[in-house]
Q: 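Here it is: the structure, laid out below.
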2 protein chains.
Amino acid sequence: MSIPVKPIAAPATDTSASAHDRVYRALRARIMYGDIAPGEALTLRGIGREYGVSMTPARESLRRLVAEGALSLSSSGRVATPELSNERIEELAALRALIEVELSSRALPRAHMALIDRLQAINMTIAEKVSKRDAVGYIRTNLEFHRTLYLRAQAPAMLAMAETVWLQLGPTMRALYGRLRRTDPPQNHRLIIAALKAGDEPGLRLAVRSDVTQGLRLLVV
Amino acid sequence: MSIPVKPIAAPATDTSASAHDRVYRALRARIMYGDIAPGEALTLRGIGREYGVSMTPARESLRRLVAEGALSLSSSGRVATPELSNERIEELAALRALIEVELSSRALPRAHMALIDRLQAINMTIAEKVSKRDAVGYIRTNLEFHRTLYLRAQAPAMLAMAETVWLQLGPTMRALYGRLRRTDPPQNHRLIIAALKAGDEPGLRLAVRSDVTQGLRLLVV
DNA sequence: GCGCTATGTTTGTGATCACAGACATGCACC
DNA sequence: GGTGCATGTCTGTGATCACAAACATAGCGC
């Protein structure tokens with residue numbers, strides 16, 4: 001009998017081969033974590049070349065990202081990561097507040113000590129990324145903090161909605177980081193953890209709302 | 001052999017030819033307005049044949065709808081309109097409440113008499129659809145009522161989010177209509193209009209929340 | 001020098017094809 | 001008559017090709 005060998009090792013991010021899915025996930029991560037600047041253009045053949053696939057999977061992944069609002073499709077089909085207007089940013093921040101406050105509220109009754117420990121560990125990683133001036137790492141770890149909390153809410157549709165908003169804000173968040181000069185210890189995160197420990201729902205809602213809203217406020221000129 | 005090309009659906013809905021966009025819009029409308037039953041399967045070649053295009057645009061439109069949560073992609077790629085669990089329905093109803101209450105609240109200061117007249121006219125159409133037992137027409141007109149109000153909020157990202165939720169609930173809404181036996185005059189819609197007239201924000205928020213939540217409650221067994 | 005055009009390149013779009021997996025049907029064999 | 005295997009069809013996936021529009025550039029004429 002032959003052992004089923006998976007030959008590809010290096011680029012295999014997942015066992016799920018499905019070329020377009022691989023490309024989609026890679027691009028999605030890059031966009032959400034601010035690895036691509038706002039206004040940057042993407043071409044089908046360029047993506048295909050970069051990930052070693054043909055135009056078909058590249059096109060599907062780009063179109064999927066456009067559908068989720070992560071990329072904006074200019075006239076004549078050119079796709080690029082969007083440059084958000086101030087009104088748009090305000091809207092997206094309001095959506096983050098609405099959805100994430102609800103998610104945190106639903107997570108509160110299920111938040112045990114293990115979760116809080118995990119959140120504190122993530123918080124230390126955030127502080128480390130900040131001190132290293134690692135923008136992409138900071139954004140990714142910050143979102144990981146939120147995702148870890150919201151996963152406890154057992155509300156996949158809401159979490160997906162929140163992640164869609166993150167995705168739309170991704171390229172803009174990087175620009176935010178540029179203005180965020182000072183080493184910003186995650187003060188609101190500490191408030192969130194304290195509220196979780198105390199089982200204080202109004203405090204939790206307020207802390208999450210502040211955390212979500214405050215950062216984006218810097219971006220609106 | 002010659003394949004008879006039959007122009008089934010609305011010919012030339014828009015000047016934007018773009019085959020995949022035509023297919024996408026047509027399918028999206030059918031799904032959102034409950035024209036497709038939950039669990040119904042769609043095939044690439046079937047869609048292509050139906051709209052007179054090849055597999056490529058059909059695939060792109062299906063994939064876009066999957067990305068928006070309108071269709072669920074089973075293992076091995078088969079796509080079908082999803083059968084929602086009760087938890088999922090509750091989540092989506094909560095999302096509707098969150099987003100649409102905010103949208104109505106933002107629309108309130110901009111709601112002039114012309115808008116209210118328009119909403120009342122739509123309301124009469126709804127009553128007519130109900131009396132005719134026209135499920136698809138009822139759902140479409142009901143959503144038109146909400147969309148007309150929310151357009152005034154000047155918040156395109158939020159409105160898009162709300163429409164995505166509608167899309168996900170589309171196939172299920174039709175099932176809802178089956179259980180909604182009685183001729184249901186849009187009582188909550190009247191409350192919404194009254195609150196708009198009075199400039200009563202708390203009342204408006206409550207009325208919208210009730211309208212959005214109430215219908216879906218019937219669906220959760 | 002300046003403006004316009006012609007052309008060559010790059011882009012997205014859509015059709016077609018080859019392929020592999022899933023699924024069902026049916027036939028042969030026990 | 002029942003079980004198992006084979007086959008044939010139907011499915012999505014991905015690559016390739018032909019085509020048209022958009023864009024940039026170089027060249028020409030004035």
Side-chain angles (χ1 to χ4, degrees), chain A residues 2 4-8 11-28 36 39-68 70-82, chain B residues 1-9 11-28 36 39-82:
Chain A
S2 61
V5 177
K6 279 295 180 188
I8 304 174
T13 50
D14 273 332
T15 57
S16 71
S18 184
H20 76 262
D21 211 60
R22 241 180 42 231
V23 177
Y24 164 75
R25 256 193 273 268
L27 284 177
R28 179 188 149 101
I36 305 183
E40 208 169 318
L42 299 174
T43 66
L44 291 183
R45 288 168 178 87
I47 298 294
R49 219 175 305 124
E50 188 171 352
Y51 290 93
V53 297
S54 89
M55 285 170 51
T56 311
R59 178 154 39 153
E60 294 189 33
S61 54
L62 284 192
R63 205 162 281 286
R64 183 167 170 190
L65 289 165
V66 168
E68 292 174 351
L71 295 174
S72 90
L73 174 123
S74 127
S75 75
S76 68
R78 310 302 230 278
V79 303
T81 144
Chain B
M1 93 183 112
S2 65
I3 300 175
V5 178
K6 42 176 183 174
I8 301 179
T13 49
D14 274 331
T15 56
S16 70
S18 183
H20 76 263
D21 211 61
R22 241 179 42 231
V23 177
Y24 165 76
R25 254 194 274 268
L27 284 178
R28 179 186 149 102
I36 305 183
E40 208 169 318
L42 298 174
T43 67
L44 291 182
R45 289 169 178 85
I47 298 295
R49 219 175 305 125
E50 187 170 354
Y51 290 93
V53 296
S54 89
M55 283 170 53
T56 311
R59 178 155 38 154
E60 294 189 32
S61 54
L62 283 192
R63 204 163 281 286
R64 184 167 169 191
L65 289 165
V66 168
E68 293 174 350
L71 295 174
S72 89
L73 176 122
S74 130
S75 75
S76 67
R78 312 301 232 276
V79 304
T81 145

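For the numbers below, each heavy atom of this structure counts, side chains included, while hydrogens, waters and symmetry mates do not. From a predicted model like this one, the values you see are computed outputs, not experimental measurements. Below, read A as the first sequence line, B as the second, and so on, with proteins coming before strands; counting in each chain starts at 1.
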Q: Reckon A/H20 has a side-chain N or O less than 4.0 Å from the OP1 or OP2 of D/dG14?
A: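 Indeed, a polar side-chain atom of A/H20 lies that close.
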Q: Give the rounded distance in Å between these two atoms: CD of A/E60 and P of C/dG12.
A: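 Computing the A/E60:CD to C/dG12:P distance gives 15 Å.
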Q: Roughly how far apart are B/T56 OG1 and A/E60 CD, rounded to 0.5 Å?
A: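 Reported to 0.5 Å precision, the distance equals 9.0 Å.
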Q: Whole-Å distance between D/dG14 P and A/R64 CZ?
A: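 Result: 12 Å.
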Q: Answer whether the closest heavy-atom distance between the side chains of A/V79 and A/L44 falls below 4.5 Å.
A: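 No, too far: nothing below the 4.5 Å cut-off.
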Q: Please report the C-alpha distance between A/E68 and B/E68 in whole Å, then the side-chain angles of each, then the deciding distance to 0.1 Å, and finally whether the side-chain contact (heavy atoms from CB on, under 4.5 Å) criterion is met.
A: CA-CA 7 Å; A/E68 292 174 351; B/E68 293 174 350; over 6 Å; no
Q: Reckon B/T43 touches a base, only the sugar-phosphate, or nothing at all at heavy-atom distances under 4.0 Å?
A: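 Since only primed, P, OP1 and OP2 atoms lie under 4.0 Å of B/T43, the category is sugar-phosphate.
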Q: OP1 or OP2 of C/dT13 sitting under 4.0 Å from any side-chain N/O of A/R63?
A: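 So the side-chain polar atoms of A/R63 do come within 4.0 Å of the phosphate oxygens OP1 or OP2 of C/dT13, strictly under.
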Q: A/L42 CG to C/dG12 P: how many Å, rounded?
A: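 From A/L42 CG to C/dG12 P: 9 Å.
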Q: Among the candidates D/dT13, C/dG14, C/dT11, find the nucleotide nearest to the side-chain atoms of B/R45.
A: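 Output: D/dT13.
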Q: Please state how far atom CZ in A/R49 lies from atom P in D/dA15, giving the value in whole angstrom units.
A: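 Rounding to the nearest Å, CZ of A/R49 and P of D/dA15 are 14 Å apart.
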Q: For A/V79 and for A/T56, locate the closest nucleotide of DNA chain C by heavy-atom distance; then report the residue assigned to the nucleotide nearer the 5' terminus.
A: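 The residue closer to the strand's 5' end, by nearest nucleotide, is A/V79.
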Q: What is the separation between atom CD1 on B/I47 and atom P on C/dG14, rounded to the nearest whole Å?
A: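 These atoms are roughly 16 Å apart.
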Q: Figure out the CG/P separation between B/D21 and C/dG14, and round it to whole Å.
A: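 Whole-Å distance recorded here is 9 Å.
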Q: Contact between B/V23 and B/E50 at the side-chain level, heavy atoms closer than 4.5 Å - yes or no?
A: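 A side-chain contact under 4.5 Å is absent here.
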Q: Counting only distance, no hydrogens or angles, is the base of D/dG14 paired donor-acceptor with the side chain of B/R59 under 3.5 Å?
A: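 Yes, the side chain and the base share a sub-3.5 Å donor-acceptor pair.
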Q: Where each residue is assigned the nucleotide of DNA chain D containing its nearest heavy atom, which of A/R78 and A/G52 is assigned the position nearer the 5′ end?
A: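 Looking at the nearest nucleotide for each, A/G52 comes out on the 5' side.
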Q: Of B/L62 and A/S76, whose nearest nucleotide on DNA chain D comes first from the 5' end?
A: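 The 5'-side residue here is B/L62.
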Q: Side chains of A/H20 and A/R59: is there a donor and an acceptor less than 3.5 Å apart?
A: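 A/R59 and A/H20 do not have a side-chain donor-acceptor pair below 3.5 Å.
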Q: Assign each of B/S54 and A/L44 to its nearest nucleotide of DNA chain C by heavy atoms, then name whichever residue's nucleotide is nearer the 5' end.
A: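 First, find each residue's nearest nucleotide; the 5'-ward one identifies A/L44.
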Q: Just checking A/L73: base, sugar-phosphate only, or nothing, at a heavy-atom cut-off of under 4.0 Å?
A: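 The answer is nothing, as A/L73 stays clear of every strand by at least 4.0 Å.
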